[in-house]
> 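Here it is: the structure, laid out below.
Quantities reported herein were computed from a predicted structural model and do not represent experimental measurements.
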Number of protein chains: 2
Amino acid sequence: MVENEEVGNYYENKDRFYVAVDCIIFGFHEDELKLLLIRRMFDPCKGELSLMGGFLNKGESIEAAAERVLQELTGLENVFMEQIGIFGEVNRDPGERVLSAAYYALINSDDYDKVLAESHHAVWVPMKDIPELIFDHNLMVMIALKQLKRKASVEPIGFNLLPQYFTLPQLQTLYEAIFGETLDKRNFRKKVLSMDVFEKTDEKDKSNSKRGAFYYRFDYDKYNALMQNGSHFAL
Amino acid sequence: MVENEEVGNYYENKDRFYVAVDCIIFGFHEDELKLLLIRRMFDPCKGELSLMGGFLNKGESIEAAAERVLQELTGLENVFMEQIGIFGEVNRDPGERVLSAAYYALINSDDYDKVLAESHHAVWVPMKDIPELIFDHNLMVMIALKQLKRKASVEPIGFNLLPQYFTLPQLQTLYEAIFGETLDKRNFRKKVLSMDVFEKTDEKDKSNSKRGAFYYRFDYDKYNALMQNGSHFAL
DNA sequence: ACAAAAGTGTTACTTTTACACCCATGG
DNA sequence: CCATGGGTGTAAAAGTAACACTTTTGT
């Protein structure tokens, strides 16, 4: 018995579902990897912490919805985002059946619209202090972190969490935070610099030491050129 | 202006969407990696090739829907499946707006319900000969293959494509098919056997040579035990 | 006897890890 | 002048990649 042999009315009497997007927004501040969460001032789960989310609209692609939701909280556009999947357990949202497409985003935690974020009661929470969140948001965070680790070990996406100019000690601390392990200073620098996609500047950051550490910037052009030729990035 | 400050009726007047699941079903036969596709005997796109799909039902998790769809075609249960993401471009399905969650599955291409598959006009197509499929199914296939490669290099999932008993030459051919590159016989065997999760039998497969190759089987218990102790699989 | 696939070790090379001291500067 | 973080090279170890001949057996 092949149910589909019927003709026409293919979409008739199929069920339709609410679809949300939720954003796992990573930032890096005070040597820690953090998430931008919101304190919900609305039901369901008023007063609790959750990821920033929103509903998918008619005529809007899922990716566009994720970008819109991120922008509604941070004012940012053209941010590095990656889908981690759709979450569709029947009772994940106790209020109504809602499917949720989760995306993680990497932002520079100095450079976003703080007033806008404030209006959503947003707070930065260090990864190691993430409390219980609503629904299946803790699961989403766990998977996002796993995917971030994997991706960061294979593509230079960490820079999205730093300002344009950054020092090597900063970069190392960032990667230590992402991978959750300490790295050898000399080996780290050796590897990073051997990629030849960093441009050293003459400026120094003296906020962390008397001597000061040189600022570098990531050279996207060099990087793209290398990628053409089958090179491979790995940290 | 924070749109969400309103109370109650949270889900009111949000849009609802059709949600489908599509299965990228991998098999391995005649030294080739293949996909199980269906010739559509129904609209839209009647007569064309597509992935096996189906609509998500009320009260059914997305994962359950994927398992059901796979079973509708193959009769199989408890199959290795993994989500590759949700596809939500507005016009991906020209008939109606439908979101689709894509899953890939690994099955043993000798062991499924062929009559059932036949009734859906299913055909095995070698990966290298995949023609143009409907909608965004080619994109899904591409991403599934990428994910399969990555996963296979880090977890022993290839066995799902083979019968319980298999020979090392078979195993090697499989991995060559997955990765799309030839592997050194001695290095391959060395690595595989060094993992100590294979049990050699006394039986030989003589279908490919006069001498015959010993059958092995994958020992899931040994594997799980090793994984507990922080070991790491990689091919 | 021979064709055809199965099976088997060693060496060079590349990558990864471990490790300790001097430098520059503001206070 | 000294405390603090920034910067630098080398050697051992592990892992990966390259490579050729012998074995078995059905025809």
Side-chain angles (χ1 to χ4, degrees), chain A residues 28 30-32 149 152-154 156 162-163 165-177 179-196 198-217 226 230-235, chain B residues 28 30-32 149-150 152-154 156 162-163 165-177 179-217 226 230-235:
Chain A
F28 182 65
E30 289 163 341
D31 294 357
E32 283 190 303
K149 280 186 191 177
S153 70
V154 112
L162 294 175
Y165 292 94
F166 53 85
T167 67
L168 293 187
Q170 258 183 294
L171 187 65
Q172 180 173 349
T173 318
L174 168 62
Y175 274 89
E176 289 176 336
F179 295 129
E181 57 189 67
T182 63
L183 304 171
D184 180 272
K185 199 186 355 174
R186 281 178 286 191
N187 293 340
F188 180 81
R189 291 169 156 262
K190 207 187 312 171
K191 191 173 278 183
V192 161
L193 293 176
S194 74
M195 293 175 198
D196 192 38
F198 295 86
E199 198 173 285
K200 190 178 184 177
T201 71
D202 297 333
E203 308 293 309
K204 279 187 165 185
D205 167 25
K206 300 213 170 185
S207 62
N208 291 305
S209 71
K210 339 262 181 175
R211 180 176 176 176
F214 282 106
Y215 280 116
Y216 288 75
R217 61 177 263 286
L226 283 178
S231 291
H232 193 65
F233 176 100
L235 256 180
Chain B
F28 181 63
E30 290 164 340
D31 295 357
E32 284 191 303
K149 279 186 192 177
R150 193 180 52 70
S153 70
V154 111
L162 293 176
Y165 292 95
F166 52 85
T167 67
L168 294 186
Q170 257 183 294
L171 187 65
Q172 180 174 349
T173 317
L174 168 61
Y175 274 88
E176 288 177 337
F179 296 130
E181 58 188 65
T182 64
L183 304 171
D184 181 272
K185 196 179 11 167
R186 282 177 286 193
N187 292 340
F188 180 81
R189 288 170 159 263
K190 207 187 312 168
K191 192 174 276 182
V192 161
L193 292 176
S194 74
M195 293 173 196
D196 192 37
V197 290
F198 295 86
E199 197 173 286
K200 190 177 183 179
T201 71
D202 297 332
E203 308 292 309
K204 279 187 166 185
D205 167 25
K206 299 213 169 184
S207 62
N208 291 304
S209 72
K210 339 260 182 178
R211 180 175 177 176
F214 281 106
Y215 280 116
Y216 288 74
R217 60 176 265 285
L226 283 177
S231 291
H232 193 64
F233 177 101
L235 257 181

> Taking atom P of D/dA14 as reference, at what distance in whole Å does atom NZ of B/K191 sit?
17 Å
> What's A/N208 touching, base or sugar-phosphate or nothing? Going by heavy atoms closer than 4.0 Å.
sugar-phosphate
> For B/H232 and C/dT16, what is the distance between atoms NE2 and P respectively, to the nearest whole Å?
14 Å
> Would A/L226 and A/F233 satisfy side chain to side chain contact (heavy atoms under 4.5 Å, CB included), going step by step from the backbone distance to the final call?
CA-CA 9 Å; A/L226 283 178; A/F233 176 100; over 6 Å; no
> Tell me the interatomic distance from B/L193, atom CG, to C/dT8, atom C1', rounded to whole angstroms.
11 Å
> Which nucleotide wins on minimum distance to the side chain of A/K204, given the candidates C/dA6, C/dA18, C/dA24?
C/dA24
> I'd like to know if B/R211 reaches the base of C/dA6 with its side chain such that a donor and an acceptor end up less than 3.5 angstrom apart.
yes
> In whole angstroms, how far is the C1' atom of D/dT22 from the CZ atom of B/R189?
14 Å
> Between A/D184 and A/S209, which residue's closest nucleotide on DNA chain D lies nearer the 5′ terminus?
A/S209
> Going from OG1 on B/T173 to CG on B/L168, what distance comes out if it is rounded to the nearest 0.5 angstrom?
10.5 Å
> Using only side-chain N and O atoms of A/K206, determine if any of them is under 4.0 Å from OP1 or OP2 of C/dG26.
yes
> Let me know the distance between CZ of A/F233 and C1' of C/dT15, rounded to the nearest Å.
16 Å
> Between A/K210 (NZ) and C/dC23 (P), how many Å, whole number?
19 Å
> Can you check whether any acceptor in the base of C/dT10 is under 3.5 Å from a donor in the side chain of B/K190, or vice versa?
yes
> Give, for atom NZ of B/K149 and atom CG of B/L235, the distance between the pair rounded to the nearest 0.5 Å.
14.5 Å
> Between P on C/dT17 and CZ on A/R186, what's the gap in Å once rounded to a whole number?
15 Å
> Test side chain to side chain contact (heavy atoms under 4.5 Å, CB included) on B/Y216 and B/Y165; report intermediate values, then the result.
CA-CA 6 Å; B/Y216 288 74; B/Y165 292 95; over 6 Å; no
> As an exercise, state the distance from CZ of A/R189 to CG of A/L183, rounded to the nearest 0.5 Å.
13.0 Å
> Rounding to an integer number of Å, can you tell me how far B/L235 CG sits from D/dT16 C1'?
14 Å
